[in-house]
Amino acid sequence: MADTTQLKYTTLNEIDAIHATLRQSFRAGKLRSIAARKVQILQLAYLIQDNHDRFKEAFAADLGRPALETALLELDSTISDCKIAYDSVEKWARTEKAPFSLNFFPMRPVIRKEPKGVVLSISPFNYPVWLALGPMIGAIAAGNCFVLKPSELSPAVSGLIAELVPKYLDPDVVRIVLGAVPETTRLLELPWAHILYTGSGRVAKIVCAAAAKTLTPISTELGGKSPVVIDPKCDLQTAAKRIMWGKCVNAGQTCVAPDYILVPEDAQDKVIQALKATHDEFYPTGPSTAGVFGRIVNYAHFRRLKGLLDRSAGEIAFGGETNENDKYISPTIVKNVKGDDSLMSEELFGPILPIVPVKNVDEAIAFINDRDNPLTLYVFSQDAAFKAKVFDNTLSGSAVANDTLVHCAVDGLPFGGIGPSGSGYHTRKYTFDLFTHLRSSLDSPAWVDALFGSRFPPYTAKKESFLKSLLGVKLPPRPRQLANGTDQVGKGN
Amino acid sequence: MSDILTYTPVEEIPKIRDDLRATFRTGVTRSLEWRKRQLYQLARMAQNEAEAVCDAMTRDFGKPRFEVIVAELSAVIRVALKSAEKLEEWARPELPDVPDSQKNWKPTIYKVPKGTALIISPWNFPVTLTLQPLVGAIAAGCCAVLKPSENVPHFSELLAKLVSQYLDTSAYRVVNGAVPEITKVLELQWDHIFYTGNGRVARIVTTAAAKHLTPCSLELGGKSPVVVDAAYDMELAAKRILWGKCNNAGQICVAPDYILVPRQKQDELVRGFEKAYRTFFPNGALDDADYGGIVNDFHFKRLSTMLDRSQGEKVGGAFEGRRDPARRRLEPVIVKGVDGNDSLLEEEIFGPLLPIVVVDSLDDAIDFINARPHPLVLYAFTEDPNVKERLINETQSGSIVFNDTFQHLAVAELPFSGIGESGYGYQFLRYTFEAFTHLRSSVDIPKSEESRLSLRYPPHKPEAYQVLGSALNIRIPE
């Protein structure tokens, strides 16, 4: 298996030089033209397509990832994102006219879409292509120069990216920085036009504190415990399939993996039965068979997960097999888990699925609201009122009914967290927008002062009333009562 | 604690935040009708209490009544009503256009309020810079704490009283105070912080926000340059620039800070300033009620010292440059022939001093601008499309305005924000609504999709690769 010490880290001096070079390139306008941006995006698509087999091997080395998961979730989706950006960048980058306003249209107000400058993206180990190259596409489409700091915990994939990017893309506009804590610290001391950090809340706080010193705008894509609320009356067979799929993909190491289940106590066993049936369908020769199910990224995370499982007061319904050498943990369902259990103390990020029995949906909602806002909230139900009740009374990054993970694949839906699960949106046009500065602009002709001359001193009552009539408004009738039941206040009741 | 301004007791501050959170949890702000009522009440407050507000601003730093009514109260009323009118449209869930294969998934983007917000505002345009963000927070369905500036004690004291009378106090509160109170406020977790002020304090705010991963909007400032093209009508440019500089005695984040003009046109521009000044203030600005004072002694001293240290040539004639420290009044001063190291170019002026830097080419002007932090706004007086194009392409700024000064603020449909040291996060109308809104994406996958989706499940058959891995065979353009 791959070992982090094989990665050759970028030196601190090189980091400074990279930052300076890219700043110069930005000033020189290297990605100003749409054509130049499209060339880079196209090259990125070829980078992936040409090296498809090498990527699959690297994924197997880093994450034991089955080939189809890699193709579907990462390589495929990233090439598709390249094509979307390639086809849409002209439209996305077009200057917009401000909505028509009678008073101001002569000044031709417009909104320009401009790149922010040189931007930094720090990406994690779990989707080391999609989360590393996805932001690169949007940033380049927006005309920015881009530095990627991919994860040292996925050394085979990160190393491959570092090798291929300089061959396919222009090193004057895109660079990869390899490293761990000292290298990341150095990166964060430099000023960036925007930082995108994808990873854990703990490290995000460090990144945000560093960004605060340079007033760098920062977006964070974090995680948390994404709950699954199951309506016992739902189509359980389909639900179980979709939940197991979301949990087993990448061995549960997905920021939007279904983390834990909330279901009424008396439905717990039939949910478990449905999950077990799905598990057996997925893995007829067992999940430990080579190439059918992922592995934990490294020993530290393996031990973390094993520790959580061992300390749990819940009962293992099925699974629970582990093999440290192989960093293997089988898909494991744990029943009768309580709110203060070890499995509820942090985001699992592994193939363990606790079931927390509750009395009813109200208790499920209260349970969710007592905890940090999740990145995604899943509800399995065919009952519109049930779904509405859960979604309307909770807050989450996304709200997904009757499946898992797939919302990330929908072009047009923004992907982002709220509160501890993050801030800022990405994927496709949203990534373009993340890295774009809206530069408002006006162009005021001389004759406008025929109307607006009243703004100049000396200030007279006549000018004041003229401007008021030009810009003033008439209020709707006074409301009878305020929402909190108090009677109307203010003059002339 | 001043005897005008009642500071909120520090121990009460966490409870205020908790009360607002509890209100948010009840879901009362979800109703669009409820939000509209609050917006109308806010508009009513601005209309009914206009005299009280003008009076407070006069007491605080002699801000001209005209400026308070036209630039502040009117703007707030218009924006509150426009937001109420547009609220349904803004809050409506969006249905993105998706490929056929995903159309049955009900992809929807819900606009949900982030929760409980904190709005910190400065002293210079306290009405609009406190209440316009509040309009956006209300429209988005958030609860909010306002922390207005202690440098305008009469205004902030009045604001606390009026908010409690006009708005629902279970959702909207004012916290007043200085450093100990704001420190307490920043220790707490908020769902969004909207800060308007300077870069130094912005770093304190964002550092505190980082501990809670709280997203921020920062509306800062900087030195907004004015590039004047030789071919432009110098008199008209001078009039519009001087008006921009005299508003609020130059104490505005988008005030034209300094001028870059071709060497041979400097004197003509200066004559234009003199002409405009005589028209605006026939007896000089010192005692003119249409011209404001400096907010406090600290800033008055800062400006006086900056001016005295300048090595440039102070323009005389109509500009007497009179000062009255007792009333903190400082007449506008134009300084010619200023070089890059002058005291007037060290920091944002935020006062009625106008340095002119001569340049020998557009290249020089662009280099001068680019050697400094990105400004909040770049002004340029020119009709030449090549000059405009170069300035657009070769500089960066929050906004870029041709042939006038801060009219872009009046166009409420334009997003307003800085870039780099001048800040981040947009505001005005829909953009303020969006700052306080979370886009909650949603899909709902029917069972009938199983036939299409089941290829993803293990065991993975060969045809699954063909269908799901098909992008690997997409025809990429040459």
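Contact of A:I206 with chain B is not made at all, since no heavy-atom distance falls under 4.5 Å. Heavy atoms closer than 4.5 Å to chain A are found in both the backbone and the side chain of B:N370. Heavy-atom distances place both the backbone and the side chain of A:K241 under 4.5 Å from chain B. Contacts between A:A239 and chain B at a heavy-atom distance below 4.5 Å are absent for every atom of the residue. Residue contact with chain B, scored on non-hydrogen atoms closer than 4.5 Å, involves the backbone and the side chain of A:S396 alike. For B:D191, no part sits under 4.5 Å from any heavy atom of chain A, backbone or side chain. Contacts of B:Y277 with chain A are absent, with no heavy-atom separation under 4.5 Å from either backbone or side chain. B:P113 touches chain A through its backbone: at least one of N, CA, C or O sits under 4.5 Å from a heavy atom, while the side chain does not. Contact of A:A193 with chain B is not made at all, since no heavy-atom distance falls under 4.5 Å. With a threshold of 4.5 angstrom between heavy atoms, A:T216 approaches chain B through N, CA, C or O but not through any side-chain atom. For B:L439, the parts lying under 4.5 angstrom from a heavy atom of chain A are both the backbone and the side chain. In this structure, the portion of B:Y431 lying under 4.5 Å from any heavy atom of chain A is its side chain and not its backbone. Of the two parts of B:L242, neither the backbone nor the side chain holds a non-hydrogen atom closer than 4.5 Å to a non-hydrogen atom of chain A. Both the backbone and the side chain of B:E449 come within less than 4.5 Å of a heavy atom in chain A. Proximity to chain A (any heavy atom under 4.5 Å) is shown, for B:F402, by both the backbone and the side chain. Contacts of A:S421 with chain B are absent, with no heavy-atom separation under 4.5 Å from either backbone or side chain. In this structure, the portions of B:I392 lying under 4.5 Å from any heavy atom of chain A include both its backbone and its side chain.
Contact detail for A:R112 and B:I400: the closest heavy-atom pair is NE-CG2, 4.5 Å. In terms of heavy-atom proximity, A:T214 sits nearest to B:E421 at O-OE2, 4.3 Å. Pairing each heavy atom of A:D443 with each of B:K388, the nearest pair is OD2-NZ, 2.6 Å. Taking each heavy atom of B:N393 and A:R32 in turn, the nearest pair found is O-NH2, 2.9 Å.
Rounded to the nearest 0.5 angstrom, A:R242 CZ and B:K447 NZ are separated by 9.0 Å. Here the CG atom belonging to B:L220 is positioned 6.0 Å from the CG atom belonging to A:L215, to the nearest 0.5 angstrom. How far NE2 of A:H437 is from OH of B:Y424: 14.5 Å, rounded to the nearest 0.5 Å. Atom CD in A:E96 sits 10.5 Å away from atom CG in B:L414 (nearest 0.5 Å).
Chain B forms the most heavy-atom pairs under 4.5 Å with one residue out of A:L42, A:I418, A:L413, A:V249, and that residue is A:L413. With chain B as the partner, the residue from A:Y86, A:F293, A:F282 showing the most heavy-atom pairs under 4.5 Å is A:F282. When each of A:T238, A:V400, A:V410 is checked for heavy-atom pairs under 4.5 Å with chain B, A:V410 comes out on top.
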Query - Worked verdict on A:D392 versus B:R30 for salt bridge (charged side-chain N to carboxylate O under 4.0 Å, His left out) - result: CA-CA 9 Å; A:D392 289 349; B:R30 253 182 252 148; 5.4 Å; no
